[in-house]
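Every value quoted in this text rests on a predicted model; they were computed, and no experiment measured them.
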Amino acid sequence: MKIVIPSQTYKLWQEELYVITRNVTGINKGIIVKSKEIAEKFLPDIKELRNEINYGKGYIQFSNIPIDKTIPSVPTDGTVSKEKGIISELSILGVSNALGFNPFSYKEEKNGALVHEIVPVKSKENIPSSNGTVEFDYHTDAAYLNRNIRPHTLSLVCLTDKYKTGTRLASLSEALEKISKDEIDILMSKLYIHTAPATFNVNFEKTKTSVLDRIDGIYEMKVAFHNTAGINEKAQKALSSLHDAIDSVVFTHEWQPGNLIIFNNLRCVHGRGEVKGERWLQRCYGSSIIPTATVLELTC
């Protein structure tokens with residue numbers, strides 16, 4: 001589903017966000033709720049949007065979502081510049097919350113920030129992660145965690161993508177039409193080792209579980225193809241078949257400033273090619289269970 005926000009709506013939305021940032025220096029639950037209320041005023045048919053995320057293909061592509069009037073240089077250390085305001089942050093948090101998903105974070109990832117800077121970071125270029133430049137294979141975020149504390153949605157907003165790296169996105173429901181019932185059954189078995197992503201600073205780095213689950217009759221997925229491996233040949237072959245199926249249905253979203261994608265992290269996978277040149281996205285996690293603005297501590 002594609003939604004284009006009209007220019008006049010953009011201006012009104014952006015100005016309302018600037019109003020609530022007066023005398024505000026950081027992000028907290030209160031300002032997220034205000035951002036949500038503003039987003040609800042300007043988004044079309046929120047019920048339809050929620051249904052698309054939960055029961056449709058699982059993703060929505062927005063154009064012309066408000067971002068800051070001035071965008072500073074891309075931060076090469078992965079931390080946001082003090083020169084930047086928080087308008088894009090409030091847009092991504094507000095849209096996520098308006099669609100029924102509470103923004104949250106992990107203490108062990110990016111120091112608990114509710115909004116992540118997705119930029120190439122010096123010294124991490126060759127690591128397949130959100131801060132690397134090498135190709136990043138298909139994955140769902142935090143695949144190694146239990147369902148109740150995994151992100152139910154991811155939201156990404158673009159500040160700049162000079163050389164059009166793009167984000168690859170695929171719906172699980174479409175991919176599963178390309179593989180056999182036997183392969184689906186194998187993928188639903190606890191025959192896979194999942195390793196924590198490079199951005200997480202945790203002690204329990206690996207878990208053994210399935211790649212697919214079926215919740216209330218709907219298939220869900222937890223996988224990171226660079227960090228997930230079958231424990232035997234049959235399991236690995238089924239995983240390869242799933243990858244091939246995703247290849248056959250994936251599309252690439254080429255970013256423009258103000259683009260925002262929100263997708264179901266349980267029912268979609270995403271990835272990207274090699275990053276060349278300046279690229280700055282921001283990301284937030286959403287949950288239908290975890291309260292807004294929670295910073296989870298995984299090592300408790």
Side-chain angles (χ1 to χ4, degrees), residues 1-22 24 26-69 85-105 113-116 118 141 149-159 167 169 171 253 255-268 270 281-296:
M1 178 183 290
K2 294 183 178 181
I3 303 292
V4 178
I5 303 300
S7 296
Q8 187 60 31
T9 301
Y10 175 98
K11 293 176 183 177
L12 294 171
W13 188 345
Q14 185 189 57
E15 287 307 312
E16 290 206 23
L17 291 177
Y18 270 107
V19 168
I20 67 171
T21 63
R22 292 172 185 166
V24 172
I27 295 171
N28 54 39
K29 182 177 179 179
I31 201 167
I32 293 173
V33 171
K34 289 179 181 179
S35 302
K36 169 192 174 182
E37 292 168 351
I38 292 170
E40 288 174 336
K41 289 174 57 177
F42 295 114
L43 288 172
D45 201 340
I46 287 178
K47 183 177 180 180
E48 181 182 0
L49 299 179
R50 289 176 176 173
N51 284 338
E52 182 66 22
I53 294 294
N54 290 313
Y55 308 112
K57 289 187 177 180
Y59 57 84
I60 302 170
Q61 300 166 269
F62 292 97
S63 298
N64 226 20
I65 292 293
I67 60 175
D68 306 74
K69 293 176 182 178
I86 58 171
I87 299 304
S88 62
E89 287 87 341
L90 297 186
S91 284
I92 194 173
L93 294 166
V95 169
S96 299
N97 213 191
L99 296 186
F101 300 96
N102 304 323
F104 77 100
S105 65
L114 287 167
V115 177
H116 302 160
I118 307 302
D141 275 36
I149 58 172
R150 290 204 310 274
H152 293 171
T153 58
L154 255 69
S155 297
L156 295 168
V157 67
C158 178
L159 303 182
T167 292
L169 192 63
S171 173
H253 177 88
W255 294 100
Q256 296 287 342
N259 284 179
L260 185 152
I261 295 180
I262 179 170
F263 56 90
N264 191 320
N265 187 54
L266 307 176
R267 297 182 46 236
C268 296
H270 65 291
L281 307 183
Q282 292 181 310
R283 174 182 69 196
C284 81
Y285 296 144
S287 173
S288 57
I289 300 172
I290 300 165
T292 295
T294 296
V295 180
L296 287 180

Donor-acceptor under 3.5 Å (R267 side chain, N54 main chain): yes

From CA spacing to verdict: side chain to side chain contact (heavy atoms under 4.5 Å, CB included), L266, H152: CA-CA 6 Å; L266 307 176; H152 293 171; 3.9 Å; yes

Over 12 non-hydrogen atoms of neighbours within 6.0 angstrom of NZ in K69: yes

F42 side, atom CZ; E37 side, atom CD - distance, nearest 0.5 Å: 12.5 Å

I31 vs I86, side chain to side chain contact (heavy atoms under 4.5 Å, CB included): CA-CA, chis, key distance, verdict: CA-CA 11 Å; I31 201 167; I86 58 171; 4.3 Å; yes

Check: T153 and Y285 side chains under 4.5 Å, non-hydrogen atoms: no

Side-chain heavy-atom pair W13, I87 within 4.5 angstrom cut-off: no

Heavy-atom donor-acceptor pair, T294 side chain to L296 backbone, under 3.5 Å: no

L281 to T167 - nearest heavy-atom pair and separation: CD1-OG1, 4.2 Å

Separation of L260 CG from I3 CD1 (nearest 0.5 Å): 12.0 Å

Gap between atom CD1 of I262 and atom SG of C284 - 0.5 Å precision: 7.0 Å

Spacing of I27 atom CD1 and I32 atom CD1 [to the nearest 0.5 Å]: 6.5 Å

Flag, side chain of E52 to backbone of K57, donor-acceptor distance under 3.5 Å: yes

Whether N97 side chain and K36 backbone form a donor-acceptor pair below 3.5 Å: no

Distance-minimising heavy-atom pair for F104 and P291: CB-O, 4.4 Å

Closest contact, heavy atoms only, S288 versus F101: N-CD2, 4.1 Å

Considering all heavy atoms, the nearest I67-P257 contact: CD1-CB, 4.0 Å

Test side chain to side chain contact (heavy atoms under 4.5 Å, CB included) applied to D141 and H270, step by step: CA-CA 9 Å; D141 275 36; H270 65 291; 3.0 Å; yes

Test item: D68 side-chain N/O and S88 main-chain N/O as donor-acceptor pair under 3.5 Å: yes

Residue pair S35 / I20: nearest heavy atoms and the distance that separates them: OG-CD1, 3.8 Å

Distance, nearest 0.5 Å, that separates CG of L156 from CH2 of W255: 5.0 Å

Heavy-atom side-chain contact between Q282 and L159 under 4.5 Å: yes

Exam field: side chain N102 to backbone I290, donor-acceptor pair closer than 3.5 Å: yes

N/O donor-acceptor pair under 3.5 Å between S91 side chain and P66 backbone: yes

Spacing of I46 atom CD1 and E48 atom CD [to the nearest 0.5 Å]: 11.5 Å

Close side-chain approach of N259 and Q61, heavy atoms under 4.5 Å: no

Least distance between heavy atoms, S105 atom then A113 atom: CB-O, 3.2 Å

R50 side-chain N/O to A98 backbone N/O, donor-acceptor pair under 3.5 Å: yes

